[in-house]
Amino acid sequence: MAKSLNLSPSPSTPTLSLSSSSKYSTLLKTPTPLSFPLSRHHSHSHSLTVRSSSSSATTTATPTSTTSSNQFRVDILSESLPYIQKFRGKTVVVKYGGAAMKQPELKASVVSDLVLLSCVGLRPVLVHGGGPEINHWLQLLNIEPLFHEGLRVTDAKTMEIVSMVLVGKVNKDLVSLINKAGATAVGLSGMDGRLLMAKPTPNSAKLGFVGEVARVDPTILQPLVNNGHIPVIASVAADELGQSYNINADTVAGEVAAALGAEKLILLTDVAGILENKDDPGSLVREIDIKGVKKLIEEKKVGGGMIPKVNCCVASLSQGVRTASIIDGRVQHSLLHEIMSEEGIGTMITG
């Protein structure tokens, strides 16, 4: 049965006109509404909410015939052309974690976005962590998860569980989901082909086998992305002596993006982006440069868990990545919001 496209205004926001480029969201035919903010520079939220329904329904401002529905869809696809042209052939590195990893509907959203981006000619690379899954298995084995300054304390036993969960379970689950959705994913860890070389953190006496990225060898990734495959990278690696280390996935994503000369780095998080006032969700900073970010840190407007994410973005930009974005992974299809619209959805940091 042909699906009808229902346009309905968001309960709290005015409706965007049908000529907006944000209409790209209707291509997804998802039962969950997709809302695109009007402008990265606007503080007031405007949105286009698009719903797909398998049953017939009467709505306002809705193409009622099959012909008009098809034309509407064609118009949307046509208006997505500039964004496809802008990013076609370019590498986009996505760090995946947080709520988007825990909730099945959000996981499906991320997977479908990656596959769609790959299908239209982008070269996505996925880097993932898996903190909640690691905690789950540690608790099953009666091992207490410990953290120090936001980083997991990783002794030898914990490191073994981290490797088993990230490389053996989370990574392969993601590869399977991407393959099932129609793309070709290849699962890797930092140890495969010496993709990543690790070194201990300066605070290793307290953190144990928590590492940093000493270097990245992109030669194993380049043929994969050139052939249209999606690399899926678990954030564990070994040092020169073969000792395994648990590495922050944000850091890995930033270093991989720099090594590949990526057009864009995207960090999926559990917040809307950088907030000028951390207690005011409406104070989202849409776009900022490195100098502005450093000023926010100095003024203590950016703190806590956001600091390592921001520093990761700054480090990748200083090594040649064009833009880095921190976006809300709790919003379905947030990757498409960020890439396939002029306004984006989170905070974009420029070099």
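Scope of the values below: all heavy atoms of this structure, side chains included, with no hydrogens, waters or symmetry mates.
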Exercise for the section: Please answer whether the main-chain N or O of A258 pairs with a side-chain N or O of S316 as donor and acceptor at a distance below 3.5 Å. Expected result: no
Practice task
Answer whether the closest heavy-atom distance between the side chains of V213 and V252 falls below 4.5 Å.
Solution key: yes
Handout entry: Straight-line distance of S118 OG to I178 CD1, nearest 0.5 Å
Key = 9.5 Å
Problem - Least distance between heavy atoms, P218 atom then L260 atom - result: CB-CD2, 3.9 Å
Handout entry: Inter-residue atom distance M164.CE - I134.CD1, 0.5 Å rounding
Key = 11.5 Å
Problem - Worked verdict on T158 versus D155 for side chain to side chain donor-acceptor pair (under 3.5 Å) - result: CA-CA 5 Å; T158 301; D155 57 16; 2.7 Å; yes
Problem - Close side-chain approach of C312 to L265, heavy-atom, < 4.5 Å - result: yes
Problem - Validation row: E212, T251 side chains within 4.5 angstrom (heavy atoms) - result: no
Exercise for the section: Please answer whether the main-chain N or O of T350 pairs with a side-chain N or O of D289 as donor and acceptor at a distance below 3.5 Å. Expected result: no
Handout entry: I339 side chain reached by L122 side chain, heavy atoms, under 4.5 Å
Key = yes
Practice task
Give the cluster check for L151 versus V165: same hydrophobic cluster or not, with ILVMFWY residues linked at side-chain heavy-atom distances below 4.5 Å.
Solution key: no
Handout entry: Linked, directly or transitively: I247 and M197 (ILVMFWY side chains, under 4.5 Å)
Key = no
Handout entry: K172 atom NZ: more than 12 heavy-atom contacts under 6.0 Å
Key = yes
Practice task
Given side chain to side chain contact (heavy atoms under 4.5 Å, CB included), test V94 with L335 step by step and report yes or no.
Solution key: CA-CA 9 Å; V94 178; L335 284 178; 4.0 Å; yes
Practice task
Any chance you could lay out the side chain to side chain donor-acceptor pair (under 3.5 Å) test for N203 and T201, step after step, and finish with the verdict?
Solution key: CA-CA 5 Å; N203 202 11; T201 62; over 6 Å; no
Problem - Donor-acceptor contact present, side-chain N226 to main-chain Q222, <3.5 Å - result: yes
Exercise for the section: Give the minimum heavy-atom separation between C313 and I326, together with the two atoms involved. Expected result: SG-CG1, 4.0 Å
Practice task
Enter the distance from N277:CG to D280:CG here, rounded to the nearest 0.5 Å.
Solution key: 5.0 Å
Problem - Minimum side-chain heavy-atom gap V170-M101 below 4.5 Å - result: yes
Problem - Side-chain donor or acceptor of S244 paired with backbone N/O of A238 under 3.5 Å - result: no
Problem - Polar contact flag, side-chain donor to acceptor under 3.5 angstrom, S325-K264 - result: yes
Handout entry: side chain to side chain contact (heavy atoms under 4.5 Å, CB included) evaluation trace for L188 with L224
Key = CA-CA 11 Å; L188 300 164; L224 294 174; 4.0 Å; yes
Problem - Heavy-atom check, side chain of S283 versus side chain of L275, under 4.5 Å - result: yes
Exercise for the section: Tell me, yes or no, whether the heavy-atom count around E160 atom CD, taken from other residues, nucleotides or ligands under 6.0 Å, exceeds 12. Expected result: no
Practice task
Indicate yes or no for a side-chain donor-acceptor contact from N179 to the backbone of S176 under 3.5 Å, with no hydrogens or angles considered.
Solution key: no
Practice task
State, yes or no, whether a side-chain contact exists between I220 and L195 at a heavy-atom distance under 4.5 Å.
Solution key: yes
Exercise for the section: Decide if atom CD of Q103 counts as having more than 12 heavy atoms of other residues, nucleotides or ligands within a radius under 6.0 Å. Expected result: yes
Handout entry: Common cluster, L336/L81, ILVMFWY with side-chain heavy-atom separation under 4.5 Å
Key = no
Handout entry: Within 6.0 Å of CZ in R330, more than 12 heavy atoms from elsewhere
Key = yes
Handout entry: Side-chain (Y83) to main-chain (F87) donor-acceptor, under 3.5 angstrom
Key = no
Practice task
Could you check H128 against L174 for side chain to side chain contact (heavy atoms under 4.5 Å, CB included), going step by step and ending with a plain yes or no?
Solution key: CA-CA 9 Å; H128 69 86; L174 288 171; 3.8 Å; yes
Handout entry: Co-membership, hydrophobic cluster, residues V271 and I288, 4.5 Å side-chain
Key = yes
Exercise for the section: Identify whether the distance between the nearest side-chain nitrogen and carboxylate oxygen of R215 and E240 falls below 4.0 Å. Expected result: yes
Fill in the blank from the handout: In this structure, CG of D328 is separated from CG of L267 (nearest 0.5 Å) by 12.5 Å
Problem - S204 side-chain N/O to P200 backbone N/O, donor-acceptor pair under 3.5 Å - result: no
Exercise for the section: Work out which heavy atom in V110 is nearest to a heavy atom in A100; give both atom names and the distance. Expected result: CG2-CB, 4.2 Å
Handout entry: Under-4.0 Å salt bridge between D250 and K95
Key = yes
Exercise for the section: Nearest 0.5 Å please: distance from the CG atom of L106 over to the OG atom of S334. Expected result: 8.0 Å
Fill in the blank from the handout: Nearest heavy-atom contact between S235 and L166 is OG-CD1, 4.1 Å
Completion exercise
When every non-hydrogen atom of A234 is compared with those of N171, the smallest separation belongs to N-ND2, 3.6 Å
Problem - Cluster overlap V236 with I143, hydrophobic side-chain contacts below 4.5 Å - result: yes
Handout entry: Neighbour count >12 (heavy atoms, 6.0 Å) for atom NZ, K90
Key = yes
Handout entry: Side-chain (N246) to main-chain (R152) donor-acceptor, under 3.5 angstrom
Key = no
Fill in the blank from the handout: Closest non-hydrogen atoms of G273 and M306, given as atom of the first, atom of the second and distance, are O-CE, 3.6 Å
Practice task
Decide yes or no for V93 and I266: does some side-chain heavy atom of the first lie under 4.5 Å from some side-chain heavy atom of the second?
Solution key: no
Problem - Gap separating the CD1 atom of I345 from the NE2 atom of H333, nearest 0.5 angstrom - result: 11.0 Å
Exercise for the section: Output yes when a side-chain donor or acceptor of T184 lies under 3.5 Å from a complementary backbone atom of H229, and no otherwise. Expected result: no
Practice task
Would you sort out whether E263 and R123 count as a side chain to side chain contact (heavy atoms under 4.5 Å, CB included), showing the intermediate values?
Solution key: CA-CA 10 Å; E263 177 74 11; R123 298 176 172 182; over 6 Å; no
